[in-house]
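From a predicted model like this one, the values you see are computed outputs, not experimental measurements. These values consider heavy atoms only, across backbone and side chains, with no hydrogens, waters or symmetry-generated copies.
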Amino acid sequence: MHALRKVGVRKGRRSGSTYPRYSGDVTLEVPGIHGPERLRIDGARLGPFASKKGDHVWVLHVPGRPGLGGYIDEESDTERLGTGGSSLWGPRTPHGGGFLIMIPVFALLPVLGLGLARVFVRTGPLRVLREDARAGGPLPAVRAEVTAALRTDTTVLGRRAGTLSTRSKSWLGLTLVDGTEIKARTGVADVDHSLPALAAAFAGRPGWLCGAARRRLLGAAQPVVFVTDDGEALWLSLDRETFEDVLADSTVEPDPRRGVRPVPPRTPVAAGSHVPWLAALCTAFALLLPPLLTPSTHALSWVLCSLSALSLAAAFVLLVTGRRRVRARATGWTVTAERDPGLG
């Protein structure tokens, strides 16, 4: 620092201590193209240390063009904005580079909140059934056994004129002690691809199909639970008409001290369908590291970020196509083919 004219002093705090924060107009001696040259900077933020002539500071400038001025901000690491450090952690955010790490967290919090709210609303009827079972009073119940994974494929008009498409819907088939066959849903999706595995796991294991005592306070979809004699439970739902026909006139009083265990997830997983999209996702992340953590050129950053975006899109495509291949190979369905009456 060749010359300094202080124009302001403020108080700042860092790690619990108070320190002065200087600002002023400075004249610096910087290396130029043909030797040292004088550079004047007005309004430089000098931080707590550069307070007298002869101090050394970091400055951003164009060698050989002193008329363009320069940039000094000793309160943040100006040196990292040069070729010796990452531009990610430069003073472009209110609280330094650490703020950048929190951006994805702040962006995901509303999505997480909406997801939890949806789960809370959809599991409301199940909570009513659970509370009724714990209360120890009589519940609508009947003996039953899981028999099959049912799927109905209906041929309907396609989205494009002159084409056909298939609309599928699935149920879990149960047979009651009197031989009556009913169909129960396992979720809100039209097709639950875990049903064949569930039907195989519960085959030959009779149990109780129980409903809620406060069924009249619930909606059209009645929550029920199928509990095997060995204590494994599967949450299901019946339409109100089926519920009234098979469960309303029969009750049983469960033992509130007897515990049950929910059935573990039965999701078909194949390495061939998950490894490709996970590899593409890791590639997309790896391609972002050089522009974020190293001083990359503008052209290189654009190329790497573009490749990262393409890898991310490829990961989504590989995920969707892989799941479709696994589902197409799935066995264990009892399929009924139908046709929209409007098609003739």
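Dense packing is recorded around CZ of Arg214, with more than 12 heavy atoms of other residues, nucleotides or ligands lying under 6.0 Å away. Surrounding CZ of Arg261 are more than 12 heavy atoms belonging to other residues, nucleotides or ligands, all under 6.0 Å away. Atom CD of Glu253 has more than 12 heavy atoms from other residues, nucleotides or ligands within 6.0 Å.
Under the 4.5 Å side-chain heavy-atom criterion for grouping Ile, Leu, Val, Met, Phe, Trp and Tyr, Leu238 is connected to Val146 within one hydrophobic cluster. One hydrophobic cluster, built from ILVMFWY side chains closer than 4.5 Å, holds both Val263 and Phe226. At a threshold of 4.5 Å between side-chain heavy atoms, the hydrophobic network of Ile, Leu, Val, Met, Phe, Trp and Tyr places Val224 and Leu150 in two separate groups. Transitive grouping of hydrophobic side chains (ILVMFWY, heavy atoms separated by less than 4.5 Å) keeps Val142 and Trp208 in distinct clusters.
The structure places NZ of Lys183 at 12.0 Å from CG of Leu172, a figure rounded to the nearest 0.5 Å. For the atom pair Thr27 OG1 and Leu39 CG, the distance stands at 8.5 Å (nearest 0.5 Å). Interatomic distance, CD of Glu145 versus CG of Leu176, reported as 11.0 Å (0.5 Å rounding). Residue Leu209 holds its CG atom at 11.5 Å from OG1 of Thr175, rounded to the nearest 0.5 Å. Annotation: the span from Ser165 atom OG to Asp153 atom CG amounts to 11.0 Å, rounded to 0.5 Å. Leu234 contributes atom CG, which lies 5.5 Å from atom CG of Leu198 (distance to the nearest 0.5 angstrom).
Note that Arg205 lies in the cation-pi zone of Phe202, set by a 6.0 Å cut-off to the ring centre and a 45° limit from the axis. Judged by a 6.0 Å distance limit and a 45° cone about the ring axis, Arg151 is not positioned over the six-membered ring of Trp171.
The nearest pair of heavy atoms linking Glu244 to Ala248 is OE1-CB, 3.2 Å. Minimum interatomic distance between Gly211 and Phe243 (heavy atoms only, all atoms of both residues): CA-CE1, 3.7 Å. Residues Ala141 and Ser250 come closest through the heavy atom pair O-OG, 2.7 Å.
No donor-acceptor distance shorter than 3.5 angstrom exists from the side chain of Thr154 to the backbone of Arg339, with no hydrogens or angles considered. Counting only distance, with no hydrogens or angles, the side chain of Thr147 and the backbone of Gly173 share a donor-acceptor pair below 3.5 Å. At distances below 3.5 Å, not a single donor-acceptor pair connects side-chain atoms of Arg159 with backbone N or O atoms of Leu164. Side-chain N or O atoms of Thr321 include one that pairs as donor or acceptor with a backbone N or O of Leu318 at under 3.5 Å. With hydrogens and angles disregarded, a donor-acceptor distance shorter than 3.5 Å links the side chain of Arg185 to the backbone of Asp190.
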Just list the side-chain donor-acceptor pairs under 3.5 Å for residues 282-292, sequence neighbours left out, or say none.
{"residue": "Thr283", "atom": "OG1", "partner": "Ala279", "partner atom": "O", "Å": "2.8"}

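Side-chain contact between Ile182 and Thr180 is present, with at least one heavy-atom pair separated by less than 4.5 Å. Side-chain contact between Asp229 and Arg143 is present, with at least one heavy-atom pair separated by less than 4.5 Å.
Taking Leu319 as the reference, Trp277, Arg323 meet the side-chain contact (heavy atoms from CB on, under 4.5 Å) condition, with sequence neighbours excluded.
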